[in-house]
Amino acid sequence: MYELRWNPVLKWWVMVSTERQNRPLTPENYCPFCPGSNKVPGKYEVLPYDNDWPILSPEPPEVNPTRSSIFKNAKSYGKCEVILYSPDHKSSLGELPMESIEKLINLWVDKYIELGNKDFIDYVFIFENRGKEVGVTITHPHGQIYGFPFIPRKIELELSSCREYYETSQKNLYLEILREELKQGKRIVDENDSFVTFVPYFADYPYQVFIIPREKRLSIDELSSEEKTQLGKSLKRIVSTYDNLFDRDFPYMMCFHQKPTDGKDYSYYQFHIEFYPPLRNEKTQKFNASSETGSWTHGNPTSPEEKAKELRKIMEKLYGKR
Ligand SMILES: [Zn+2]
Ligand SMILES: [Zn+2]
């Protein structure tokens, strides 16, 4: 069964798909994303790959009407794709050469446009889950894209705050946050001509960072080629810094937030990338427990200023002073 179910209380859709339960376990030492697996070409640099177990589809099955005044369902329209970053099983965003990262960014741009142009997709969500701590079974460097037939609730909340802020001040909320972070300076981790990386003042994860363009850009397809290079550098530098923090592949959730693709006006918004690493320190993990799940209230057991300093120190060791 594949369907979307509406939660009328929280006003969001839940993607239900029972077939994913039957996903076979990947045998040990077999990687479907390595050249030679018969699942991918023998040679590639970056590669889009249709998810073998998509939760959303351009041709979703029919759904049974609910015959209820309160419960509502809908067909699972959309698209789920995997983006392979490299043919090298052991590589990562932090280790890839800049040329490959630029190719990857161009692929993200192409996919944002291609999926966004489909009339059944209103939001293109680019993301990466990395590490077993966030449920990843295949360690080959890859990210994913979900083309949603709706605007996800969290994005809707961000959009409405940005619109409200713009209507009362004629200013862009994300650019004002960036301005204040730059003014205070103590949570800035990295910056270049086009992008700034920082641990946000209100971080809910210890090593959480935001990457925000200095200029107003609503989505990645608005970046110039120079800006794409700068974005690639920012990504490479933060991921390699993460990996050097505890000398291990650092787990994270990387989420791209950009304007929806339903054709409406979102000129008050700002493209940005959010990293949520689940580790609190070398050995312990931050779990989303009752407070986080049941009340959406996070406890951050660390000081964002201290964590930014820690990340800055490692980055300086790797790349020299800013
Ligand atoms: Zn592999
Ligand atoms: Zn966001």
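Throughout, numbering of the chain's residues begins at 1 and tracks the sequence. Atom set for the values below is all heavy atoms of this structure, side chains included, hydrogens, waters and symmetry mates excluded.
Taking Y44 as the reference, nothing meets the ring pair (Phe, Tyr, Trp, His ring centres under 6.0 Å) condition, with sequence neighbours excluded. Under the side chain to side chain contact (heavy atoms under 4.5 Å, CB included) criterion, S219 pairs with Y112, D221, E222, Q258, K259, not counting sequence neighbours. With sequence neighbours excluded, no residue forms a side chain to side chain donor-acceptor pair (under 3.5 Å) with N117.
A donor atom on one side chain and an acceptor atom on the other are found under 3.5 Å apart for S234 and N192. Counting only N and O atoms by type, the side chains of N172 and Q270 include no donor and acceptor under 3.5 Å apart.
Nearest heavy atom pair, residue P35 against residue P87, reads CD-O, 3.5 Å. Closest approach of F271 to I212, counting heavy atoms only: O-CG2, 4.4 Å. S295 and S291 get closest at one heavy-atom pair: OG-O, 2.6 Å. P260 and Y123 get closest at one heavy-atom pair: CA-CD1, 3.7 Å. The two atoms that bring P213 and L178 nearest to each other are O-CD2, 3.7 Å, heavy atoms only. Heavy-atom minimum distance, P206 versus V199: O-CG1, 4.4 Å.
One finds a salt bridge joining E310 and K307 here, because a Lys/Arg side-chain nitrogen approaches an Asp/Glu carboxylate oxygen to under 4.0 Å. Using a cutoff of 4.0 Å between basic side-chain nitrogens and carboxylate oxygens, E181 and R187 are scored as salt-bridged. Taking the charged nitrogens against the carboxylate oxygens, E156 and R153 do have a contact shorter than 4.0 Å, which makes a salt bridge.
The residue from Y252, Y207, F210, F198 that alone fulfils the ring pair (Phe, Tyr, Trp, His ring centres under 6.0 Å) condition with F275 is Y252. Between L175 and the choices E215, K216, R214, E180, the side-chain contact (heavy atoms from CB on, under 4.5 Å) rule is met once, by K216.
The 12-atom threshold is not exceeded at CD of E45, counting heavy atoms of other residues, nucleotides or ligands nearer than 6.0 Å. Other residues, nucleotides and ligands contribute more than 12 heavy atoms inside 6.0 Å of the CG atom of L10. Counting heavy atoms of neighbouring residues, nucleotides and ligands inside a 6.0 Å radius, atom OH of Y166 does not exceed 12 of them. Residue Q170 places its CD atom among more than 12 non-hydrogen atoms of other residues, nucleotides or ligands, all under 6.0 Å distant.
Remark: the backbone N or O of I188 is paired with a side-chain donor or acceptor of R312 at under 3.5 angstrom. Side-chain atoms of T66 come within 3.5 Å of backbone atoms of F71 as a donor-acceptor pair (strictly under, hydrogens ignored). Between the side chain of T168 and the backbone N or O of Y165, at least one donor-acceptor pair lies under 3.5 Å. A donor-acceptor contact shorter than 3.5 Å is absent between the side chain of S240 and the backbone of G94. When atom types are taken as modelled, the side chain of N300 and the backbone of A203 share a donor-acceptor pair closer than 3.5 angstrom.
For the atom pair K90 NZ and H140 NE2, the distance stands at 11.0 Å (nearest 0.5 Å). Here the CG-CD distance, from D193 to Q230, works out to 5.5 Å after rounding to the nearest 0.5 Å. Here NE2 of H89 is found 11.5 Å from CG of L84. Values are rounded to the nearest 0.5 Å. The CD atom of E274 sits 11.0 Å away from the CD1 atom of I211 when rounded to the nearest 0.5 Å. In this structure, E59 CD and S76 OG are separated by 13.5 Å, a value rounded to the nearest 0.5 Å. Note that CD1 of I121 is 4.5 Å distant from CG of L115, once rounded to the nearest 0.5 Å.
The list of salt bridge (Lys or Arg N to Asp or Glu O under 4.0 Å) pairs with a residue in residues 113-137, not counting sequence neighbours, reads K111-E114, R130-D243, R130-D249, E133-R248. Residue pairs satisfying the salt bridge (Lys or Arg N to Asp or Glu O under 4.0 Å) criterion with at least one member in residues 164-174, sequence neighbours excluded, are absent. Applying the ring-ring contact (aromatic ring centres under 6.0 Å, His included) test to residues at least two apart or on different chains, the pairs with a partner in residues 298-322 are Y205-H298.
The shortest side-chain heavy-atom distance between H142 and Y49 does not fall under the 4.5 Å cut-off. Inter-residue side-chain proximity for Y242 and V209 is flagged as met; some heavy-atom pair is nearer than 4.5 Å. Here the side chains of F195 and K233 are not in contact, with every heavy-atom distance at 4.5 Å or above. Between D204 and E292 the shortest side-chain heavy-atom distance does not fall below 4.5 Å. Looking at P8 and K72, their side chains never come closer than 4.5 Å, going by heavy atoms from C-beta outward. Between I105 and I220, every side-chain heavy-atom pair lies at or beyond the 4.5 Å cut-off. Using a 4.5 Å heavy-atom threshold, the side chains of R237 and T197 count as separate. Residues D50 and E81 are in side-chain contact: their nearest non-hydrogen atoms beyond the backbone lie under 4.5 Å apart.
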**Message:** Quick one, S37 with Y30, criterion side-chain contact (heavy atoms from CB on, under 4.5 Å). Give me CA distance, side-chain angles, the key distance, then yes/no.
**Reply:** CA-CA 8 Å; S37 70; Y30 169 78; 3.8 Å; yes

**Request:** With side-chain contact (heavy atoms from CB on, under 4.5 Å) as the test, would you mind laying out the steps for L4 and M15 before giving the verdict?
**Result:** CA-CA 5 Å; L4 302 175; M15 304 182 288; 3.8 Å; yes

**Request:** Quick one: do S91 and Y85 satisfy side-chain contact (heavy atoms from CB on, under 4.5 Å)? Show the steps, please.
**Result:** CA-CA 8 Å; S91 194; Y85 295 175; over 6 Å; no

**Prompt:** So E176 and R179, salt bridge (Lys or Arg N to Asp or Glu O under 4.0 Å) or not? Walk me through it.
**Reply:** CA-CA 5 Å; E176 287 304 300; R179 210 162 66 96; 3.1 Å; yes

**Request:** In sequence, state the C-alpha distance, the side-chain angles, and the governing distance for F256 and W108, and then conclude on ring pair (Phe, Tyr, Trp, His ring centres under 6.0 Å).
**Result:** CA-CA 10 Å; F256 283 42; W108 281 331; 4.8 Å; yes

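Hydrophobic clustering, with ILVMFWY side chains joined whenever heavy atoms are under 4.5 angstrom apart, groups I83 together with I101. Grouping the Ile, Leu, Val, Met, Phe, Trp and Tyr side chains by contacts below 4.5 angstrom, directly or via other members, places I151 with F148. In the hydrophobic clustering of this structure, M254 groups with V109; members are Ile, Leu, Val, Met, Phe, Trp, Tyr whose side-chain heavy atoms approach within less than 4.5 Å, directly or through other members. Hydrophobic clustering, with ILVMFWY side chains joined whenever heavy atoms are under 4.5 angstrom apart, groups L231 together with L311. Cluster membership check: Y276 shares its hydrophobic cluster with F202, using side-chain heavy-atom separations under 4.5 Å among Ile, Leu, Val, Met, Phe, Trp and Tyr.
Aromatic ring orientation, H272 versus H257: perpendicular (interplanar angle above 60°, classes split at 30° and 60°). Note: Y146 and F127 have perpendicular aromatic rings, judged against thresholds of 30 and 60 degrees for the angle between ring planes. Ring pair F246/F250 is tilted by interplanar angle, where 30° to 60° counts as tilted.
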